[in-house]
Amino acid sequence: MTAGEATGPRTAPGGERGPASGLEIRELECFLALAEELHFGRAGERLYVSQGRVSQLLRSLESRIGGRLVDRTSRRVRLTPLGEDFLGSLRPAYEALRATVEDARIAARGVAGRLRVGFQGSADDAFMAVVSLFADRYPDCSTEITEVPLSDPFGPLHRGEVDTAVVLLPMAEEDLVLGPVFSRQPQHLAVSRRHGFAGRAHLSAEDLADAPLIGVRSPAPAYWREAQAPSRTPAGRPVPPGPMVSTLQEGLSLVAADRGAMLLCPSTAEYHRRRGVAYVPVTGLPESALGLVWNRAHENARIRAFAEAVGEALA
C-alpha cells in the first residue's frame, strides 16, 4: 500500500505530481528502523531486507523530501537535524496509522484475539467479575491475567508486556491513557499489632508524623511513590521514612515485624489480612483509587471494549 494509493495523487501547481505522490509506507518503516538502530545492517535485519535495499529506500525518501535525513560515515550513522524533526513528527503518525489498520482488522472479525490485563495489589472478586463479564460478552477474545509489580506500576505498559492494567493512582505518564477510575476508598494504615496505633479506632493524617512509612522502590515514578508514602503530613510535618520494598508482601512482612507502617486501601487490606497486622482508618488523606490504564500508541478495539466493561461493572 502507498500513501498515494490510500489518499489519491497530489498534484503540484502546473499539473505535475507533488513529491508526496506515491509515497511508500516501506520507506517510512525503513527510516524508523534506521533511526532506532543507527546501523544499516541491523535495520535491514529488522525489515528482512538487504543493507543495500535499506540504502535504496532511504535515498528514495530523501529524494521525495528534498533533504538529507541521515548522515553516514565509515564510523557511525546519525540523524541530521532535519531527520530528527522528521522522526518526531513521523513516529506518532505512523503508530496512529498502525492502530487504525489494526482497529479495522479487529472490527472486521469482531473483538477477538488476546487481551493481556495486568493488575496491581490483588485480583479481588470485583476485578474478576469484570474479567468474566468481558469473557461472556466477547467469547472470541481470550484474556490473560498478569500481576503488575508494586514497584513498577507503569513499566509493563511502557514495555508492551500487557495491553491494559488496573493500577493504583495517581497516573501522570504522558504516553499512557487513564480510563475508568473506580474503587475510591478511604486509606488505612497497616501497623503491627504491637504498635501503639493498633488499638485506635481511627487516625488523622497528622498522626503519620509519628509512624515511619514503608516506601516503594523505583522504577515507580517519584510522584507515584510520594502518593503511596507521603514524606509530609497535610500540615507540613515531616513523616519519618521507613524501609523500602518492591512488593506488597515484603511491605506487610515488615509491618508485622514492627519495622514500619504502610498505607493501604481497605480492599487490599482485607484481601491480605494477617493476624499480626492491624488496619486503622486514616482521615485527612486523599482517597485511594484504582484506574484502568493503557498505552496510547497501542490502543485498540479490545482495550476499549474492556474499558467499557470496567466502566459498567465497577464505576
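Just the heavy atoms: all of them, side chains too, but no hydrogens, waters or symmetry mates, feed the values below. Please read all numbers here as calculations on a predicted model, not as lab measurements.
In summary, of the residues considered (Val310, Ile303, Thr146, Ile145), a side chain to side chain contact (heavy atoms under 4.5 Å, CB included) with Val117 occurs for Ile145 alone. Partner of Leu87 under the side chain to side chain contact (heavy atoms under 4.5 Å, CB included) criterion, out of Leu34, Leu79, Leu82, Leu69: Leu79 alone.
At a cut-off of 3.5 Å, with distance as the only test, no side-chain donor of Gln56 or Arg59 sits close to an acceptor on the other residue. Counted by atom type alone, His158 and Asp175 present one or more donor-acceptor pairs between their side chains at under 3.5 Å. With no hydrogens or angles considered, no side-chain donor-acceptor pair links Gln185 and Ser288 at under 3.5 Å. Side-chain N/O atoms of Thr80 and Arg68 include no donor and acceptor closer than 3.5 Å.
Salt bridge present: Arg64 and Glu27 bring a charged side-chain N and a carboxylate O closer than 4.0 Å.
Taking 4.5 Å as the limit, every side-chain heavy atom of Ser231 sits out of range of all side-chain heavy atoms of Val239. By the 4.5 Å heavy-atom criterion applied to side chains, Trp224 and Val216 are counted as neighbours. By the 4.5 Å heavy-atom criterion applied to side chains, Leu97 and Ile25 are counted as neighbours. Looking at Ser192 and Arg259, their side chains never come closer than 4.5 Å, going by heavy atoms from C-beta outward. Residues Leu189 and Leu208 meet the side-chain proximity criterion, which asks for heavy atoms closer than 4.5 Å. In this structure the side chain of Trp294 never reaches within 4.5 angstrom of the side chain of Leu176, judged on heavy atoms. Inter-residue side-chain proximity for Ile214 and Met244 is flagged as unmet; no heavy-atom pair is nearer than 4.5 Å. At a threshold of 4.5 Å between non-hydrogen side-chain atoms, the residues Leu169 and Val181 count as touching.
Atom CZ of residue Phe306 and atom CG of residue Leu133 lie 9.0 Å apart, to the nearest 0.5 angstrom. Between Cys265 atom SG and Glu287 atom CD the span is 11.0 Å, to the nearest 0.5 Å.
For the pair Arg72 and Phe40, the cation sits on the ring face: its NZ or CZ lies under 6.0 Å from the ring centre, inside 45° of the axis.
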Assess whether ring-ring contact (aromatic ring centres under 6.0 Å, His included) is satisfied between Phe31 and Phe86, documenting all intermediate values. CA-CA 10 Å; Phe31 174 73; Phe86 183 58; 5.2 Å; yes
Kindly indicate, with the supporting measurements, whether the criterion salt bridge (charged side-chain N to carboxylate O under 4.0 Å, His left out) is fulfilled by Glu37 and Arg46. CA-CA 9 Å; Glu37 298 291 346; Arg46 280 182 53 174; 3.2 Å; yes
Do Arg137 and Glu312 pass the salt bridge (charged side-chain N to carboxylate O under 4.0 Å, His left out) test, and can you show the C-alpha distance, the side-chain angles, and the key distance before you say yes or no? CA-CA 13 Å; Arg137 186 174 294 176; Glu312 291 180 14; 2.8 Å; yes
Between Asp71 and Arg76, is a salt bridge (charged side-chain N to carboxylate O under 4.0 Å, His left out) present by the stated rule, with each step listed? CA-CA 8 Å; Asp71 279 332; Arg76 66 177 180 176; over 6 Å; no
In sequence, state the C-alpha distance, the side-chain angles, and the governing distance for Arg26 and Glu24, and then conclude on salt bridge (charged side-chain N to carboxylate O under 4.0 Å, His left out). CA-CA 5 Å; Arg26 197 61 166 166; Glu24 293 284 347; over 6 Å; no
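More than 12 non-hydrogen atoms from other residues, nucleotides or ligands lie less than 6.0 angstrom from CG of Asp136. Counting heavy atoms of neighbouring residues, nucleotides and ligands inside a 6.0 Å radius, atom CZ of Arg237 exceeds 12 of them. Residue-environment remark: CZ (Arg273) exceeds the threshold of 12 foreign heavy atoms within 6.0 Å.
Ser253 contributes a side-chain N or O that, together with a main-chain N or O of Gln249, makes up a donor-acceptor pair within less than 3.5 Å. A donor-acceptor pair is defined here as one N or O able to donate and one able to accept, closer than 3.5 Å; no such pair exists between the side chain of Ser218 and the backbone of Ala220. In terms of modelled atom types and a separation under 3.5 Å, the side chain of Tyr223 and the main chain of Ala172 share a donor-acceptor contact. Checking side-chain atoms of Thr143 against main-chain N and O of Phe134 turns up no donor-acceptor pair under 3.5 Å.
In terms of heavy atoms, Val280 sits closest to Val191 at CG2-CG2, 4.4 Å. Nearest heavy-atom pair across Val111 and Arg302 is CG1-CG, 3.9 Å. Gly251 approaches Met262 most closely through the heavy-atom pair CA-SD, 3.7 Å.
In this structure, Phe197 is not a member of the same hydrophobic cluster as Leu254, with clusters built from ILVMFWY side-chain heavy atoms closer than 4.5 Å. Transitive grouping of hydrophobic side chains (ILVMFWY, heavy atoms separated by less than 4.5 Å) brings Leu168 and Val245 into a common cluster.
Between Phe119 and Phe127, the ring planes are tilted. Angles from 30° to 60° get that label.
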